[in-house]
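To start, the structure under review is shown below, and the notes come after it.
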Amino acid sequence: MSEVKVHPVMAHIAEHALIDDAGYQRMYQESIQNPEQFWGEQGKRIDWIKPYTKVKNTSYDPGHISIKWFEDGTLNLSANCIDRHLATKADEVAIIWEGDSPDDDKKVTYRELHEQVCRFANVLKAQGVKKGDVVSLYMPMVVEAAVAMLACARIGAVHSVVFGGFSPDALASRIIDSNAKLVITSDEGLRGGRTVPLKANVDAALAKSGVSADCKVIVYRRTGGDVAWDKTRDIWWHEAAAKVDAHCEPEEMSAEDPLFILYTSGSTGTPKGVLHTTGGYLVYAAMTFEYIFDYHEGDVHWCTADVGWVTGHTYILYGPLANGATTLMFEGVPNYPKTNRMSQIVDKHQVNILYTAPTAIRAFMAKGNEAVEGTSRSSLRILGSVGEPINPEAWEWYYRVIGEERCPIVDTWWQTETGGILISPLPGATLLKAGSATRPFFGVQPALVDGEGNILDGATDGNLVILDSWPGQMRTIYGDHDRFEQTYFSTFPGTYFCGDGARRDEDGYYWITGRVDDVLNVSGHRMGTAEIESALVAHPKIAEAAIVGVPHEIKGQGIYAYITLNSGEVPSAELHKEVKDWVRKEIGPIATPDVIHWAEGLPKTRSGKIMRRILRKIATGETDTLGDTSTLADPAVVDRLIEERDRHA
Ligand code: WTA
């Protein structure tokens, strides 16, 4: 390994930080030794209608996986994120919205947010949405996306946000799986100067078989573009909102009532509806936001994620608002109209905390100074990274160029399933090593295990597991608790297995090495190889497909597709384009293969299992370390694949 760059805690950060190293050590020990006491105290950081008397009731026992936190307490999440700040900060800005065009922005105060959320909550009620009903969102990055999520929470409806980049097919399968009663969308989205046909996509999704014929659609007018209209089904947001009043009492929810479903990819099968509940999630979101970003009153926080991903849920919306912070929502893309857009937004809105992804950092890095041209970024205090391992070069560039060596970087490791960050530095407490997510957050007990599940000590590599529950943990897979147990608790019984591998160094620091299962991470987006493969084989000319991830300079991982055509079909430039378009249509542009390798046959074991290990090596050109190929049904396949690859390269 090349030499590790170490960055001590900065004095100017430590001076004002919420916690130092001794404080971290002490609190961490407390959180592990006495979780009841620790979380019992931390739970008080939010307002409860009926206070809890029970704190933790969790079991990782095989066959009895059950996770409950604060179970007899009641609360409302929207009241916690909005109403309780009204007494002291009604006129402070809750959301800064920056449009796709640099000329387009607005600020929404806590008072205004309260009014909008109450009004929209009444719109939902008027449509018959009740506590426990599922509402799908397919929205651009506009304030109304946040309003809709908070309005759901206000009346006890469960939101299921679907990323606006997903195709109608992907949207339809999520609407069907979640039994959504209603879809909230926009006429069009606007990103990088181009429109995205969101309403048309919803129309196409709702036309698929299996979607309830009663499903209503509320449409927020963003661009004013032409959309088809079904009078019996479609409702304009502005018209409906004008008809209801602006008062809506928050619904009293039990801590374990569902808050949201968010679909994510796994190594097998269709995307899973990760279910989060109300109380524990909010406590964990609020606490991690405060400590990890060292949040201080008045800070402007900008997380560049989309609300369609968990990072948007927890660190654009719920974590910041639970703390009464000002959070920035950006509609566009960070390099439009020019490469320095992200830095310009930082200056324009005096952003103090910037939370973005390694893929964006690498894309900027490739442009050198253009990313910061004409900007000072002097407001920045804390930088964050999330979504995939950050390579040390990108880390150092982020640190040096964006942060001018003034801002600590918190490399935050977590997942849709974990609700909030599990491993991360704390700005005033943790010595940083470029490329390491460092140490566990309070209450989190990571461990490394070998293939048999034996816990490994000291500096070592292994599969990353978590030994006990934390309040932000997912509770189940919507509608399929068995799959929940199978996916996360059966590989290494007694622990939560996240699917990532990691290394722990001599100082106990964790270095996430990436997925150890068949999940890809492309530009920070999670994608199951099985999902892309099944989209491919649905194409009438394709007989078989296998997907592997290959290193990609900007995206982290690229998608390499091995495709076997039906007999009689021949590869061509047209078919190449047709196949790429097909995947875009079936899943969305983020799943488009980078490389298509027309293969005559795929390497299989005698029992017919595709040997991905070999396909990965061939894709990356590591053909001299293929390992044992003698168990293959037809070893000659490998030589043919290597030849074909050389032709493709
Ligand atoms: C990866 C995003 C290394 C990891 C919050 C995980 C990371 C998956 C990091 C979850 C990080 C996320 N360092 N890898 N700081 N953050 N990952 O569900 O493989 O979209 O399992 O949640 O992203 O992706 P998800």
Side-chain angles (χ1 to χ4, degrees), residues 1-2 265-268 358-359 362 388-389 391 435 450-451 460-464 491 499-503 511-523 525-537 542-565 571 576 579-580 583 591-649:
M1 252 205 51
S2 56
S265 298
S267 48
T268 56
T359 186
R362 286 190 299 264
E388 54 179 310
N391 47 312
D450 65 15
T460 182
D461 275 307
N463 301 297
L464 181 60
T491 319
D500 282 317
R503 184 169 67 80
W511 301 70
I512 310 297
T513 46
R515 303 289 304 195
V516 294
D517 54 10
D518 291 327
V519 172
L520 306 184
N521 191 325
V522 181
S523 300
H525 302 319
R526 249 169 96 164
M527 246 162 319
T529 49
E531 224 178 315
I532 309 174
E533 287 162 6
S534 70
L536 283 169
V537 295
I542 295 176
E544 203 166 35
I547 297 289
V548 297
V550 287
H552 186 286
E553 212 171 310
I554 307 286
K555 301 185 197 175
Q557 266 188 319
I559 300 174
Y560 191 110
Y562 290 92
I563 294 177
T564 309
L565 294 172
H576 189 273
V579 167
K580 283 195 173 188
V583 178
T592 315
D594 296 280
V595 180
I596 289 178
H597 177 147
W598 305 114
E600 239 174 79
L602 299 176
K604 290 185 193 158
T605 60
R606 288 192 191 96
S607 61
K609 203 166 156 359
I610 295 177
M611 301 268 282
R612 277 168 209 286
R613 176 177 58 80
I614 292 175
L615 290 177
R616 260 181 233 123
K617 296 248 169 174
I618 296 174
T620 52
E622 297 164 89
T623 42
D624 42 355
T625 55
L626 282 181
D628 185 13
T629 56
S630 63
T631 56
L632 289 174
D634 174 14
V637 161
V638 171
D639 297 329
R640 276 205 302 275
L641 284 169
I642 295 171
E643 255 172 57
E644 286 159 3
R645 182 189 182 272
D646 294 343
R647 262 187 274 137
H648 282 81

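Throughout, residue positions are numbered sequentially from 1 according to the sequence presented. Since this is a predicted model, take the numbers as computed values, not measurements.
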Euclidean distance, I614 CD1 relative to T629 OG1, rounded to 0.5 Å: 6.0 Å
Heavy atoms of T605 and M611 approach each other most closely as CG2-SD, 3.3 Å
Across all chains, not counting sequence neighbours, the side-chain contact (heavy atoms from CB on, under 4.5 Å) partners of N463 are V449, F492, F497, V516
Looking only at heavy atoms, which two atoms of A546 and L615 are closest? And how far apart? CB-CD1, 3.6 Å
Test item: R645 and T623 side chains (from C-beta on) under 4.5 Å apart, heavy atoms: no
Y562 (side chain) donor-acceptor with L602 (main chain) under 3.5 angstrom: no
Sequence neighbours excluded, the answer for salt bridge (charged side-chain N to carboxylate O under 4.0 Å, His left out) partners of R613 is none
Show your reasoning for whether side chain to side chain contact (heavy atoms under 4.5 Å, CB included) applies to I559 and V595. CA-CA 7 Å; I559 300 174; V595 180; over 6 Å; no
Taking side chain as C-beta onward, heavy atoms only, is I642 less than 4.5 Å from L626? yes
Look at the side chain of R362 and the backbone N and O of E553, then say whether any donor-acceptor pair between them is shorter than 3.5 Å. yes
If the condition is side-chain hydrogen bond (donor to acceptor under 3.5 Å, both in side chains), which residues does D461 pass it with, not counting sequence neighbours? none
Does any part of the side chain of L641, heavy atoms only, come nearer than 4.5 Å to the side chain of P603, both counted from C-beta? yes
Taking atom CG of L464 and atom CG of D500, what is their separation to the nearest 0.5 Å? 6.5 Å
Test salt bridge (charged side-chain N to carboxylate O under 4.0 Å, His left out) applied to E600 - qualifying residues, sequence neighbours left out: R640
The reported gap from CD in E544 to CG in L565 (rounded to nearest 0.5 angstrom) is 11.5 Å
Could you check whether any side-chain heavy atom of M527 comes within less than 4.5 Å of a side-chain heavy atom of I547, counting everything from C-beta outward? no
Value rounded to 0.5 Å, distance of NE2 in H525 from CD in E388: 9.5 Å
Stepwise, does the side chain to side chain contact (heavy atoms under 4.5 Å, CB included) test hold for H576 with W598? CA-CA 9 Å; H576 189 273; W598 305 114; 4.1 Å; yes
Write down the atom of H552, the atom of K555, and the distance for their closest heavy-atom approach. ND1-N, 3.0 Å
Distance-only, no hydrogens or angles: does the R503 side chain make a donor-acceptor pair with backbone N or O of W511 under 3.5 Å? no
For G601 against V637, the heavy-atom pair lying closest together: O-CG1, 3.7 Å
Option passing side chain to side chain donor-acceptor pair (under 3.5 Å) with R515 (candidates D518, D517, T513): D517
Looking at residues at least two apart in the chain, or sitting in another chain, which of them share a salt bridge (charged side-chain N to carboxylate O under 4.0 Å, His left out) with K617? none
Least distance between heavy atoms, Q557 atom then V522 atom: O-CG1, 3.4 Å
Flag side-chain contact, heavy atom, 4.5 Å: V583 against L536: yes
D639: which residues meet the salt bridge (charged side-chain N to carboxylate O under 4.0 Å, His left out) condition with it, sequence neighbours left out? none
Say whether, by atom type as modelled, one donor and one acceptor occur between the side chain of D594 and the main chain of Y560 under 3.5 angstrom. no
